[in-house]
Peer 1: 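The structure's right below; bear with me while I get my questions together.
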Amino acid sequence: GQNIDQPTEMTATEGAIVQINCTYQTSGFNGLFWYQQHAGEAPTFLSYNVLDGLEEKGRFSSFLSRSKGYSYLLLKELQMKDSASYLCAGLNQAGTALIFGKGTTLSVSS
Amino acid sequence: KAGVTQTPRYLIKTRGQQVTLSCSPISGHRSVSWYQQTPGQGLQFLFEYFSETQRNKGNFPGRFSGRQFSNSRSEMNVSTLELGDSALYLCASSWPQDEPTGELFFGEGSRLTVL
């Protein structure tokens with residue numbers, strides 16, 4: 001199978017740092033993606049890792065370890081507007097489909 | 001540049017009916033994917049089309065079908081609707097290369113309620 005697991009919910013406070021973990025079966029994926037989805041809106045692309053290591057993009061960073069089947073999304077200097085669902089997704093080998101985890105709902109409080 | 005457009009945005013159907021949803025991708029995008037989103041299961045892949053050909057299909061029953069036209073617009077159809085088909089149906093398009101990078105651009109979705 002191509003299961004992707006991530007925590008259901010997380011909470012944090014403004015200005016803090018939060019790490020959202022994602023684990024998956026090591027075979028079957030050709031890249032790991034993170035999407036953000038605010039309530040009632042469409043998902044939007046955040047980051048993409050195809051090689052091991054850390055990709056940094058402003059306040060958001062994403063890490064991938066292919067041998068461990070592990071990725072995380074790191075959000076720094078949290079803002080209220082970061083309250084959203086964060087979706088981890090693997091790209092299938094053919095590059096024709098993204099397989100999503102069920103998402104992690106992050107609530108940021110003041 | 002216009003984004004992905006889905007119609008209708010909301011619709012209500014009864015069990016046993018059928019429904020057709022439409023998606024217009026970003027201009028120049030040739031790959032269109034469809035996803036079903038429910039609170040319990042999250043985003044689940046339905047199928048993907050590229051240049052009018054279905055390249056991949058998820059684990060959904062045959063009641064779910066789709067097609068893509070020469071202008072890259074896509075439709076999906078669900079026949080013999082069941083209560084469990086109530087969901088947000090999201091369409092996404094991606095870059096015009098033959099090998100998509102996986103960065104998808106999603107539409108706002110069509111919210112289907114089956115009574």
Side-chain angles (χ1 to χ4, degrees), chain A residues 1-10 20 22-25 28-51 55 57 60 62 64 66 71 73 84-106, chain B residues 2-6 9-10 23-26 29-51 53-60 66 68 74 87-111:
Chain A
Q2 296 179 305
N3 290 336
I4 292 183
D5 294 313
Q6 51 182 130
T8 304
E9 294 181 338
M10 297 183 71
I20 303 175
C22 170
T23 58
Y24 63 96
Q25 290 185 297
F29 289 133
N30 187 23
L32 217 294
F33 294 76
W34 286 93
Y35 280 76
Q36 180 191 58
Q37 185 176 26
H38 285 100
E41 298 182 10
T44 55
F45 171 81
L46 284 179
S47 70
Y48 168 48
N49 294 72
V50 65
L51 299 175
E55 294 282 342
K57 190 185 292 186
F60 293 2
S62 57
L64 176 65
R66 289 171 295 170
S71 174
L73 180 69
S85 180
Y86 291 86
L87 307 168
C88 176
L91 182 66
N92 69 345
Q93 292 289 349
T96 56
L98 277 180
I99 308 303
F100 284 86
K102 293 186 179 180
T104 299
T105 300
L106 174 66
Chain B
V4 178
T5 304
Q6 291 189 244
R9 291 292 311 280
Y10 303 91
C23 171
S24 293
I26 291 172
H29 285 193
R30 293 163 63 190
S31 171
V32 174
S33 306
W34 288 90
Y35 290 82
Q36 181 196 66
Q37 187 171 35
T38 58
Q41 297 300 318
L43 267 165
Q44 292 186 285
F45 173 74
L46 280 159
F47 24 66
E48 187 262 358
Y49 289 88
F50 180 83
S51 293
T53 299
Q54 185 183 90
R55 296 196 298 184
N56 201 359
K57 181 173 167 56
N59 294 324
F60 279 81
Q68 187 181 34
S74 178
L88 180 66
Y89 290 88
L90 290 162
C91 169
S93 71
S94 61
W95 293 111
Q97 298 96 317
D98 289 346
E99 293 298 325
T101 63
E103 180 176 352
L104 302 179
F105 295 83
F106 284 89
E108 296 293 324
S110 293
R111 184 165 295 282

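Being a predicted model, the structure only gives us computed values, none of them experimental. Lettering of chains follows the sequences in order, A, B, ..., and the numbering in each one begins at 1.
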Peer 1: Checking the side chain of B:Tyr35 only, and the main-chain atoms of A:Phe100 only, is there a donor and an acceptor separated by less than 3.5 Å?
Peer 2: no
Peer 1: Looking at A:Gly103, A:Ala97, A:Pro43, which makes the most heavy-atom pairs under 4.5 Å with chain B?
Peer 2: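 Heavy-atom pair counts peak at A:Pro43.
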Peer 1: Chain A heavy atoms under 4.5 Å from B:Leu43: which part of the residue, side chain, backbone, both or neither?
Peer 2: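 Interface part for B:Leu43: both.
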Peer 1: To the nearest 0.5 Å, tell me how far A:Lys102 NZ sits from B:Gln41 CD.
Peer 2: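 If we round to the nearest 0.5 Å, A:Lys102:NZ and B:Gln41:CD are 4.5 Å apart.
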Peer 1: Given a strict heavy-atom distance threshold of 4.5 Å, which part of B:Gln37 is in contact with chain A: side chain, backbone, both, or neither?
Peer 2: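 The side chain, not the backbone.
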Peer 1: If you measure from CZ on B:Phe106 to CZ on A:Phe45, what distance do you get to the nearest 0.5 Å?
Peer 2: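 Answer for the CZ-CZ pair, B:Phe106 versus A:Phe45, is 11.5 Å.
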Peer 1: At what distance, to the nearest 0.5 angstrom, does CG of A:Leu98 lie from CD of B:Glu48?
Peer 2: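 Rounded to the nearest 0.5 Å, the CG-CD separation comes out at 10.0 Å.
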Peer 1: Indicate the atoms forming the closest heavy-atom contact of A:Ile99 with B:Phe45, along with that distance.
Peer 2: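 So the two residues come closest at CD1-CB, 4.4 Å.
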Peer 1: Which atom names give the shortest non-hydrogen contact between B:Gly107 and A:Ala42, and what distance separates them?
Peer 2: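 Distance-wise, the nearest heavy atoms are O-CB, 3.0 Å.
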